[in-house]
A.B. asks: 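Pasting in a structure now, in structure tokens, and then I'll have a few things to ask.
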Amino acid sequence: MRTPLVAGNWKMNLQRTAAQDLAAGLAEQSGSFHGVEIAVFPPFVYLDVVHTALSGSSVRLGAQNVYWESPGAFTGEIAPEMLVDVGCRYVILGHSERRHILGETDADVFAKAKAALTAGLAPVICLGETLEQRESGQTQSVIETQFDGSIAELSADQFHQVTVAYEPVWAIGTGKNASPDQAEEVHADLRKLIANRYNAELAESTRILYGGSVKPGNAGDLLGQANVDGALVGGASLKLADFVAIIQAADSD
Ligand code: 13P
């Protein structure tokens with residue numbers, strides 16, 4: 001049985017007070033949910049204050065990126081050890097905004113995943129096709145290529161700590177979510193890829209999140225799919241009531 005994970009990717013949003021208030025509100029409400037794990041991913045500079053605001057609650061903390069080197073002369077980068085030091089459990093890797101706006105490659109994502117795992121972080125690795133790729137029938141092959149390049153070289157032991165997130169690029173921030181059937185199809189394919197590369201047991205236990213315009217109004221249908229094990233939420237995670245409604249939709253208790 002996979003415990004669903006609802007993860008709020010705040011992206012480059014909110015400033016100190018708003019970040020603190022949102023985290024404190026979430027910490028307060030999180031006690032009502034027992035069948036779902038909750039995590040938030042604030043910008044680096046607010047990890048510390050959000051960690052403090054979450055203390056005493058079960059809400060987990062994650063970062064939106066990391067560098068693959070240990071501390072040293074890498075101006076502007078953040079080492080995995082530093083994320084652990086400020087209380088992170090998770091790190092998002094390979095988000096499409098990093099792949100498409102910042103030129104991150106599958107090899108970069110893989111290097112970051114390895115370094116994150118070595119430091120004790122659990123990566124949430126994102127995959128997803130563009131609209132053009134979907135419309136030309138390439139969804140499956142794009143997902144497979146990204147899986148091979150950014151995940152498949154991890155050992156089974158390492159992969160054990162990984163959460164996969166399917167985020168179709170055309171659904172991110174557009175208000176146009178994948179239909180539950182479209183999400184389920186890709187999630188089921190991903191589970192097969194995991195079974196083929198690793199084993200059936202790992203495929204069964206791995207959480208595969210859906211991300212892309214998840215809102216209170218569509219969360220129930222998306223999360224009701226057999227292979228959708230939670231949500232990676234952008235815009236709606238910035239509004240406490242909306243995020244809580246999505247958590248409620250995911251709560252299996
Ligand atoms: P939106 O929920 O704003 O579409 O963003 C999704 C996303 O990119 C989460 O990582």
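Note that ligands are numbered from 1 as they come in the structure, with each ligand's atoms numbered from 1 the same way.
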A.B. asks: For residues 213-236, which residue pairs pass the side chain to side chain donor-acceptor pair (under 3.5 Å) check, not counting sequence neighbours?
C.D. replies: Arg2-Asp229, Asn177-Asn218, Glu184-Asn227, Arg191-Asn227, Arg191-Asp229
A.B. asks: Name all residues meeting the ring pair (Phe, Tyr, Trp, His ring centres under 6.0 Å) criterion together with His51; count only those two or more places apart in sequence or in a different chain, and write none if there are none.
C.D. replies: none
A.B. asks: For Ala171, which part has a heavy atom under 4.0 Å from ligand 1: side chain, backbone, both, or neither?
C.D. replies: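 Ala171 to ligand 1: backbone contact only, side chain stays beyond 4.0 Å.
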A.B. asks: For residues Gln64 and His95, is any side-chain donor paired with an opposing acceptor at under 3.5 Å?
C.D. replies: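 No pair is found: no donor N or O on one side chain lies under 3.5 Å from an acceptor on the other.
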A.B. asks: Quick one: sort the Phe74 and Tyr67 rings into parallel, tilted or perpendicular, breaks at 30° and 60°.
C.D. replies: tilted
A.B. asks: Take every heavy atom of Gly175, measure it against each atom of ligand 1, and state whether any distance is under 4.0 Å.
C.D. replies: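 No.
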A.B. asks: Lys11 near ligand 1, heavy-atom distance under 4.0 Å?
C.D. replies: yes
A.B. asks: Under 3.5 Å between some N or O of ligand 1 and some N or O of Gly235?
C.D. replies: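 N/O-N/O distance under 3.5 Å: yes.
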A.B. asks: Any idea which atoms of ligand 1 are less than 4.0 Å away from a heavy-atom of Gly212?
C.D. replies: 4 (O), 6 (C)
A.B. asks: Which of the atoms of ligand 1 are close to His95, meaning less than 4.0 Å from one of its heavy atoms?
C.D. replies: 7 (C), 8 (O), 9 (C), 10 (O)
A.B. asks: Could you check atom 2 (O) of ligand 1 against the protein and tell me its nearest heavy-atom contact, residue, atom and distance included?
C.D. replies: Gly234 N, 2.9 Å
A.B. asks: Between Trp170 and Glu132, do the side chains contain a donor N or O and an acceptor N or O under 3.5 Å apart?
C.D. replies: no
A.B. asks: Can an N or O of Ser213 be found at a distance shorter than 3.5 Å from an N or O of ligand 1?
C.D. replies: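 Between Ser213 and ligand 1 (N or O atoms, distance only) the closest approach is under 3.5 Å.
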A.B. asks: Looking at Ser96 and Arg99, would you say the former's side chain and the latter's main chain have a donor-acceptor pair under 3.5 Å?
C.D. replies: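 Checked: no pair found.
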A.B. asks: With the threshold set at under 4.0 angstrom, would you say Ala236 reaches ligand 1 through any of its heavy atoms?
C.D. replies: no
A.B. asks: Are Arg197 and Ile151 close enough that some pair of their side-chain heavy atoms sits under 4.5 Å apart?
C.D. replies: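 Answer no - side chains too far apart.
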A.B. asks: Which ligand 1 atoms does Gly173 reach within 4.0 Å, using its non-hydrogen atoms?
C.D. replies: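 Answer for ligand 1: 1 (P), 3 (O), 4 (O).
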A.B. asks: Check each atom of ligand 1 against the heavy atoms of Asn9 and keep those under 4.0 Å away; list them by number with element.
C.D. replies: 9 (C), 10 (O)
A.B. asks: Of Lys215, Glu167, Gln64, Glu97, which has the heavy atom at the shortest distance from atom 7 (C) of ligand 1?
C.D. replies: Glu167
A.B. asks: Side-chain contact, heavy-atom cut-off 4.5 Å: Ile92 with Cys126?
C.D. replies: yes
